[in-house]
There are 2 protein chains.
Amino acid sequence: MAQPEHQLPVDLFIDLDRSGPVPLYHQVAKRLEQAIYEEILPSGARLENEVALGQRLGISRPTIRRAIQELVDKGLLVRRRGVGTQVVHGKVHRNVDLTSLFEDLQRTGQKPETRILSAETEPANETVVEALGVEVGSDVLHIKRLRSADGAPIAILDNILPADFIDLEIEALQSHALYQLLRARGVTLRVAKQKIGAREATATEGELLAVRKGGALLTMDRTAFDSSGRAIEYGQHVYRPELYQFEITVVDR
Amino acid sequence: MAQPEHQLPVDLFIDLDRSGPVPLYHQVAKRLEQAIYEEILPSGARLENEVALGQRLGISRPTIRRAIQELVDKGLLVRRRGVGTQVVHGKVHRNVDLTSLFEDLQRTGQKPETRILSAETEPANETVVEALGVEVGSDVLHIKRLRSADGAPIAILDNILPADFIDLEIEALQSHALYQLLRARGVTLRVAKQKIGAREATATEGELLAVRKGGALLTMDRTAFDSSGRAIEYGQHVYRPELYQFEITVVDR
DNA sequence: TTTGCGCGCTTGTCCTGACAATAGTACCTA
DNA sequence: TAGGTACTATTGTCAGGACAAGCGCGCAAA
């Protein structure tokens, strides 16, 4: 019944770069992940124990543990005290993370296009004040975009940013993701809080997304924060459900 | 501009139980979380540095770090090297985790009710074979339930479990969550992979959920795995979007 | 045959210590 | 005044070690 232990070839770990900027534990995690995807470590396989693995690779146990933890958090591995660490059965799928729809589409080989519907500076309404934590009535940048891939409209993106971004180059949004522009300005998003739901399409939305009025739409509201904890972006997005879904891996700790 | 450092009262940490079964780092994390919710640590506040905090509490730095990490993963704190750790601005909300809808409703003070629509043993179809990793044509338990809260129907839950669960007490499902029953059998779910989408209601679904045919529904497909990585449950759920949404916090690491 | 006990294996927790990398600030200089 | 440089504070990474706790298996006893 118990799966046999899998001895990983040392080759997988030879060129670990101890001086470079990439942390050791992350290098190890990446190699393990690769081994899982290539089924060198097949579904259900048991890993060598942490101590042995560490010794064989010349790496301390905390570092090995942290590498393994990274994959546990991704839902690729499962640990049991007294037993060992095993590869989770079943297909893996990519997770919701802090990349945008734009980058999502790029990665899956589709060609994302963006049409800017409007971009205006306006006073913040109550919802925005609540979400971004800005002053009541202060100016915010309000951008509406239509995102398509391979010619088919996928989503309407409605984004609001605080006053210091009113000088954002709107034209650049046609070929770049909003998050890419923010990164270029030195802003890195670290935390996002999202609500995912559904509702029926309005007439305008139906027209833009080529869906009949009243058809089902997937919705996502998000507030994103930078590394100092400040709210940077509030977005209300609607997606055509046949063309986009959210994939999430949940891990109990 | 920089937020003042917040000196936490030591009282918050006095009765840490070093001998009990609850890990120290988790006790510390809980106390910190409490302090954030009670706004003893207000939005944007800067924490004491890790070394000092550790010394004051008589706890080593790795333990303090792990406690803080727990809250970073929850989206409550943000760290910056060279700067410090700060409380994230903006309201916090609960996360999608490995609890079920039933427990969700209970926690928010609603009274969940379950009507069993059907519960049958049947051969696995292709989708199920793919999701659960069982043999083609082998028997599986197929349960359909209607979940309501305070009298209003919220969701249709369609669940499939492998053959070893065919002796599950169906009646118990009327007053307990599926996950509770599984736990009682010694099965602990550790990882779940979910897809969240939307679609239009069928006539049957509309009738059950008091929605018009064609109305928008929120959908969630999930495969859950136990601590040995084996697939335990495959579920296809549909929710009335006005009554249920998914809340997710995403953290970049 | 079944139950219970003990033992070894493996992960979980916690500690100490050291050095690296980064951000912000104060200061010095052109 | 402006710009760069050095310093300090703080988190990030990594090592090594010790003991605790849970799980499974074999063996002995009932």
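Protein chains get the first letters and strands the later ones, always in sequence-line order, with residue 1 at the start of each.
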Where the side chain of [X] is defined as all heavy atoms beyond and including C-beta, which of [options] is the nearest nucleotide?
| X | options | value |
| --- | --- | --- |
| Asn49(A) | dC15(C), dT11(C), dT11(D) | dT11(C) |
| Val83(A) | dC14(C), dC23(D), dT11(D) | dC23(D) |
| Thr63(B) | dG12(C), dT13(D), dC15(C) | dC15(C) |
| Pro62(A) | dT13(D), dC23(D), dA15(D) | dA15(D) |
| Val51(B) | dT11(D), dT16(C), dG12(C) | dT11(D) |
| Arg79(A) | dT11(C), dT13(C), dT11(D) | dT11(C) |
| Arg66(B) | dT13(C), dG12(D), dT16(C) | dT13(C) |

* To do: Indicate, with a heavy-atom threshold strictly under 4.0 Å, whether Pro23(A) touches base, sugar-phosphate, or nothing.
  => sugar-phosphate
Could you tell me whether the phosphate oxygens of [N], OP1 or OP2, come under 4.0 Å of any side-chain nitrogen or oxygen in [X]?
| X | N | answer |
| --- | --- | --- |
| Thr85(A) | dT10(C) | no |
| Arg18(A) | dA15(D) | yes |
| Arg61(B) | dT10(D) | no |
| Tyr25(A) | dC14(D) | no |

* Taking all atoms of both residues into account, what is the closest heavy-atom pair of His89(A) and Gly44(A), and its distance? -> CE1-CA, 3.5 Å
* Return yes when atom CD of Glu122(A) has more than 12 non-hydrogen atoms of other residues, nucleotides or ligands closer than 6.0 Å, and no otherwise. => yes
[atom1] of [X] versus [atom2] of [N]: gap in Å, rounded?
| X | N | atom1 | atom2 | value |
| --- | --- | --- | --- | --- |
| Arg190(A) | dA23(C) | CZ | P | 10 Å |
| Leu53(A) | dA15(D) | CG | P | 13 Å |
| Gln55(B) | dG17(C) | CD | P | 11 Å |
| Ile64(A) | dT10(C) | CD1 | P | 15 Å |

* When you measure from the centre of the six-membered ring of Phe246(B), is the NZ or CZ of Lys195(A) under 6.0 Å away and within 45° of the axis? -> no
* Hey, is the side chain of Arg80(A) pairing donor to acceptor with the base of dG12(C) inside 3.5 Å? -> no
